[in-house]
Amino acid sequence: MAQHRWTAERIADQTGRTALITGANTGVGFHTAESLARRGATVVLACRDAERAEQAAARIRGTAPRSRVVTLPLDLAALSSVRAAADQLHTMCTGLDLLINNAGVMWAPPGRTRDGFETHLGINHLGHFAFTGLVLDLLRDTPGARIVTVTSPAHRSARLDFDDLRFTRGYRPAAAYARSKLANLLHAHELQRRLVASGSALLSVAAHPGAARTELNRSMPALFRGPSWGLWRPFTHTAQHGALPILRAATDPEAKGGEYYAPSGPGEFSGHPVVRSSSPGSHDTGAQRTLWEASEQLTGVRYDFGASDE
């Protein structure tokens with residue numbers, strides 16, 4: 001039973017390590033950053049809203065005064081911002097130990113990013129795909145580094161339409177969100193395969209927070225919206241508890257590339273973090289490769305895996 005009771009107390013000392021968390025000014029991202037800072041990590045809060053990011057950084061410094069907490073402007077809805085953030089990060093540090101791709105939107109109305117992508121896929125997947133590729137060198141050359149991709153159990157109901165990645169036909173917010181979360185897993189698994197093929201020790205792992213009470217529900221129907229999460233509340237847990245699967249994926253010394261960390265309870269809604277199996281569709285190697293190639297084409301970013309790159 002011990003493995004079902006993993007808590008933040010089991011995070012090893014992170015002194016000397018640098019972690020970047022996207023969307024870290026609130027919710028699960030904030031608590032992930034705070035826990036890592038409390039263990040001594042230098043933490044980079046990569047956020048769209050600079051003012052809220054600075055406020056979050058100040059709060060974390062109050063609970064982890066001996067850790068360095070900095071902010072980085074990053075709007076995943078704009079590839080120009082993604083490239084600028086990657087450039088700035090290279091001036092801030094020479095290596096990166098943890099990249100936690102956490103930021104996202106859920107059940108958003110029909111919309112497009114600044115580059116014309118469907119909102120969910122553009123922010124949740126393509127923005128992170130591009131940013132990860134642009135900072136891969138900082139991770140690739142750092143011993144013990146990991147990339148954690150945050151997904152959702154919603155991926156289990158999704159199927160990607162590669163002929164309509166911009167979701168121009170029959171748009172539904174829940175389906176768009178689920179597609180983006182499946183894309184996250186396809187990316188995480190294909191990234192791990194390519195890392196292994198290149199001889200890299202860098203790990204790509206996936207995790208999700210379960211039904212954590214965060215601001216992510218702001219576009220959901222009224223009965224499930226607001227700080228209480230309405231009718232969903234009995235099936236949810238706090239954002240602080242929701243950070244645990246992500247923290248375990250990021251810090252557990254037993255973690256292996258390609259693993260998927262999720263809450264232990266029914267439906268993966270709540271519970272302590274354990275290794276689970278993602279959907280069979282997320283392990284479809286053909287879909288993984290097709291999405292990777294489409295993502296390269298759409299973002300203009302190609303990953304450099306080093307001398308053994310495919």
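By convention here, the first residue in the shown sequence is residue 1. All values below come from the heavy atoms of this structure, side chains included, with hydrogens, waters and symmetry mates left out.
Looking at T18 and L138, their side chains never come closer than 4.5 Å, going by heavy atoms from C-beta outward. Side-chain contact between L298 and L126 is present, with at least one heavy-atom pair separated by less than 4.5 Å. The shortest distance between side-chain heavy atoms of L74 and V82 falls below 4.5 Å. At a threshold of 4.5 Å between non-hydrogen side-chain atoms, the residues I21 and I246 do not count as touching. Looking at T15 and R66, their side chains never come closer than 4.5 Å, going by heavy atoms from C-beta outward. Between L134 and V301, the closest side-chain pair of non-hydrogen atoms falls below 4.5 Å. The shortest distance between side-chain heavy atoms of F117 and R112 does not fall below 4.5 Å.
Here OG of S264 is found 8.0 Å from CZ of R5. Values are rounded to the nearest 0.5 Å. Separation of atoms CG (L99) and OG1 (T142) is listed at 11.5 Å; rounding is to 0.5 Å. Atom CG in L20 sits 11.5 Å away from atom CG in D97 (nearest 0.5 Å). Atoms CG and CG, from L203 and L191 in turn, are 10.0 Å apart once rounded to the nearest 0.5 Å. The CD1 atom of I147 sits 6.0 Å away from the CG atom of L195 when rounded to the nearest 0.5 Å. Atom CD of E268 and atom OG of S152 lie 8.5 Å apart (nearest 0.5 Å).
With hydrogens and angles left out, the side-chain atoms of S278 and H283 include a donor and acceptor closer than 3.5 Å. Under 3.5 Å, the side chains of H128 and N184 contain no donor-acceptor pair of N or O atoms. In this structure, a donor-acceptor pair under 3.5 Å is present between the side chains of W292 and E296. With 3.5 Å as the limit, one finds no donor-acceptor pair spanning the side chains of S81 and D75.
Although no hydrogens or angles enter the test, the distance criterion places no donor-acceptor pair under 3.5 Å between the side chain of N25 and the main chain of C47. The backbone N or O of A8 lies less than 3.5 Å from a partner atom in the side chain of R39, making a donor-acceptor pair. A donor-acceptor pair under 3.5 Å links the side-chain atoms of H272 to the main chain of W6, judged by distance alone.
Heavy atoms of other residues, nucleotides or ligands lying less than 6.0 angstrom from CZ of R159 number 12 at most.
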Criterion ring-ring contact (aromatic ring centres under 6.0 Å, His included) on H120 and H125, from CA distance to verdict: CA-CA 8 Å; H120 294 88; H125 167 62; over 10 Å; no

Take Y177 and N124 through the side chain to side chain contact (heavy atoms under 4.5 Å, CB included) test and state the conclusion after the steps. CA-CA 9 Å; Y177 174 68; N124 298 354; 4.0 Å; yes

Verdict with supporting geometry, E293 and R289, salt bridge (Lys or Arg N to Asp or Glu O under 4.0 Å): CA-CA 6 Å; E293 292 165 3; R289 289 175 182 271; 5.9 Å; no

Might you work through the side chain to side chain donor-acceptor pair (under 3.5 Å) test for H187 and T132, ending with a clear yes or no? CA-CA 11 Å; H187 174 222; T132 301; 5.2 Å; no

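The pair E190-R194 meets the salt-bridge criterion, with a side-chain N (NZ, NE, NH1 or NH2) lying under 4.0 Å from an Asp/Glu carboxylate O. Ion pairing between a basic and an acidic side chain is recognised when a charged N comes within 4.0 Å of a carboxylate O; E118 and R179 show no such pairing.
Hydrophobic clustering (ILVMFWY, side-chain heavy atoms < 4.5 Å, transitive): V28 and F30 are in one cluster. Under a hydrophobic clustering in which Ile, Leu, Val, Met, Phe, Trp and Tyr are joined whenever their side-chain heavy atoms come within less than 4.5 Å, directly or via other members, M92 and L139 fall into the same cluster. No single ILVMFWY cluster, assembled from side-chain heavy atoms under 4.5 Å apart, contains both L160 and W107. Under the 4.5 Å side-chain contact rule for hydrophobic residues, L72 and I123 share a cluster. In this structure, L182 is not a member of the same hydrophobic cluster as M106, with clusters built from ILVMFWY side-chain heavy atoms closer than 4.5 Å.
Taking the six-membered ring where the residue is Trp, Y303 and F129 present tilted rings, their angle falling between 30° and 60°. Taking the six-membered ring for Trp and thresholds of 30 and 60 degrees, Y260 and H208 have ring planes inclined between 30 and 60 degrees apart.
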